[in-house]
Amino acid sequence: RRLHLGVSYAAYSGLSGRRFRAHAATHQASRFADTGTIADVDAYTTLGLELGLVYGPWSVQAEYILADVDSAAADDPQLSGGYAYVSYWLTGECRPYSRGLFGRPKPCCNFLDNECCCRGALELKARYEFLDLDDGGIDGGELSAITLGVNWHLNPNTRLMFEWFRAEYEGTPAGYDADPDVAGIQTVTFDDDVVSGVQMRFQVDF
């Protein structure tokens with residue numbers, strides 16, 4: 001059982017402009033929420049709040065950040081965003097936490113362990129995120145998304161991730177197009193102000 005609470009503050013100065021933008025739940029979709037470059041910004045500050053909780057097979061983490069932008073031309077807008085993530089281990093593992101960071105999960109039974117009834121560890125996950133780039137003279141749009149999925153951890157270094165997501169945008173999106181540096185089949189669909197899709201990832205890391 002672990003509870004983590006955090007606060008952060010940062011100040012940036014000496015800038016020649018600033019742009020705030022984000023992808024819609026997947027890097028294979030365009031950055032619909034986008035302020036464009038705010039040319040007269042020479043400074044801004046950010047305030048962040050964060051929460052982390054581990055309670056047996058349950059884990060929760062959330063963050064919220066507020067950016068106070070110094071821009072006379074844009075009426076000094078305040079931009080904000082955040083997310084909440086919940087996961088549950090069907091196979092009984094516990095998400096490791098140490099020194100302010102979540103660590104690499106360790107399955108009770110690895111995939112190649114013939115002496116165990118389980119073949120790796122299964123983790124159900126859900127995430128909600130939002131971004132508000134509308135304030136003052138800035139009309140960067142509002143973006144919200146929900147993601148549902150499952151992670152199959154074959155061992156501490158290998159996992160297979162599968163998830164479905166749906167993102168909604170309020171504003172004037174420039175249209176959908178895949179990022180030019182992303183190869184492969186595009187599973188994302190764009191319909192007016194909604195982006196939805198299914199994505200998978202096989203990951204090995206050390």
Side-chain angles (χ1 to χ4, degrees), residues 1-6 8 22-33 48-65 81-131 143-169 178-179 181-190 194-206:
R1 298 177 184 180
R2 296 288 186 272
L3 175 63
H4 166 99
L5 298 174
S8 66
H23 288 281
T26 174
H27 283 275
Q28 300 212 47
S30 298
R31 294 181 176 92
F32 291 103
L49 304 174
E50 58 189 49
L51 164 72
L53 173 67
V54 175
Y55 192 86
W58 289 95
S59 73
V60 178
Q61 71 179 71
E63 291 187 70
Y64 171 81
I65 190 166
Y83 74 89
Y85 174 87
V86 180
S87 74
Y88 177 76
W89 295 85
L90 290 174
T91 44
E93 284 78 7
C94 179
R95 193 177 182 193
Y97 173 90
S98 177
R99 298 180 180 179
L101 297 173
F102 286 109
R104 178 184 288 119
K106 296 181 179 179
C108 295
C109 296
N110 291 338
F111 179 75
L112 297 179
D113 189 349
N114 293 324
E115 297 182 358
C116 288
C117 60
C118 299
R119 295 291 182 173
L122 290 176
E123 178 188 16
L124 299 180
K125 59 183 180 180
R127 175 185 171 102
Y128 172 78
E129 57 194 287
F130 75 94
L131 182 65
L143 184 66
S144 62
I146 184 172
T147 302
L148 303 175
V150 58
N151 293 335
W152 182 19
H153 299 260
L154 282 70
N155 57 50
N157 304 100
T158 308
R159 63 176 173 173
L160 178 64
M161 293 169 280
F162 176 86
E163 60 188 31
W164 168 87
F165 65 88
R166 186 178 191 275
E168 295 186 1
Y169 177 90
D179 284 350
D181 58 342
V182 176
I185 299 175
Q186 304 300 318
T187 59
V188 177
T189 59
F190 175 68
V194 175
V195 176
S196 61
V198 174
Q199 54 189 5
M200 297 178 63
R201 179 178 182 181
F202 180 73
Q203 175 179 311
V204 179
D205 76 278
F206 299 93

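Please read these numbers as outputs of a predicted model, since none were measured by experiment.
- Residues I146 and W164 form a side-chain contact, since some pair of their non-hydrogen atoms from C-beta on lies under 4.5 Å apart.
- Rounded to the nearest 0.5 Å, atoms OH (Y85) and CD (E63) are 13.5 Å apart.
- Across every non-hydrogen atom of C94 and V54, the tightest pair is SG-CG1, 3.4 Å.
- Nearest approach of T26 to F165, heavy atoms of both residues: CG2-CZ, 3.3 Å.
- Crowding of Y55 atom OH: a count of heavy atoms from other residues, nucleotides or ligands under 6.0 Å not exceeding 12.
- Using a 4.5 Å cut-off on side-chain heavy atoms (C-beta onward), H153 and P105 make contact.
- For E129, the salt bridge (charged side-chain N to carboxylate O under 4.0 Å, His left out) partners two or more places apart in sequence, or in a different chain, are R127.
- To the nearest 0.5 Å, atoms CG (L3) and CG (L51) are separated by 6.5 Å.
- Here CG of L53 is found 11.5 Å from NE2 of H4. Values are rounded to the nearest 0.5 Å.
- Distance check: F102 CZ to S59 OG gives 5.5 Å after rounding to the nearest 0.5 Å.
- Rounded to the nearest 0.5 Å, atoms CZ (R119) and CH2 (W152) are 9.5 Å apart.
- Qualifying salt bridge (charged side-chain N to carboxylate O under 4.0 Å, His left out) partners for R2, counting only residues two or more places apart in sequence or in other chains: none.
- With no hydrogens or angles considered, a side-chain donor-acceptor pair links S87 and E123 at under 3.5 Å.
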With a 3.5 Å cut-off and sequence neighbours excluded, list the donor-acceptor pairs that the side chains of residues 154-161 form with protein atoms.
unit_1	atom_1	unit_2	atom_2	d
N155	OD1	N157	N	2.8
N155	OD1	T158	N	2.9
N155	OD1	T158	OG1	3.2
N157	ND2	D205	O	3.0

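- Judged by distance alone, with hydrogens and angles left aside, the side-chain atoms of T91 form a donor-acceptor pair with the main-chain N or O of L122 at under 3.5 Å.
- Minimum heavy-atom separation, V194 to E168: CG2-CG, 4.2 Å.
- Nearest heavy atom pair, residue A121 against residue W89, reads CB-CZ3, 3.8 Å.
- Atom OG1 of residue T147 and atom OH of residue Y128 lie 11.5 Å apart, to the nearest 0.5 angstrom.
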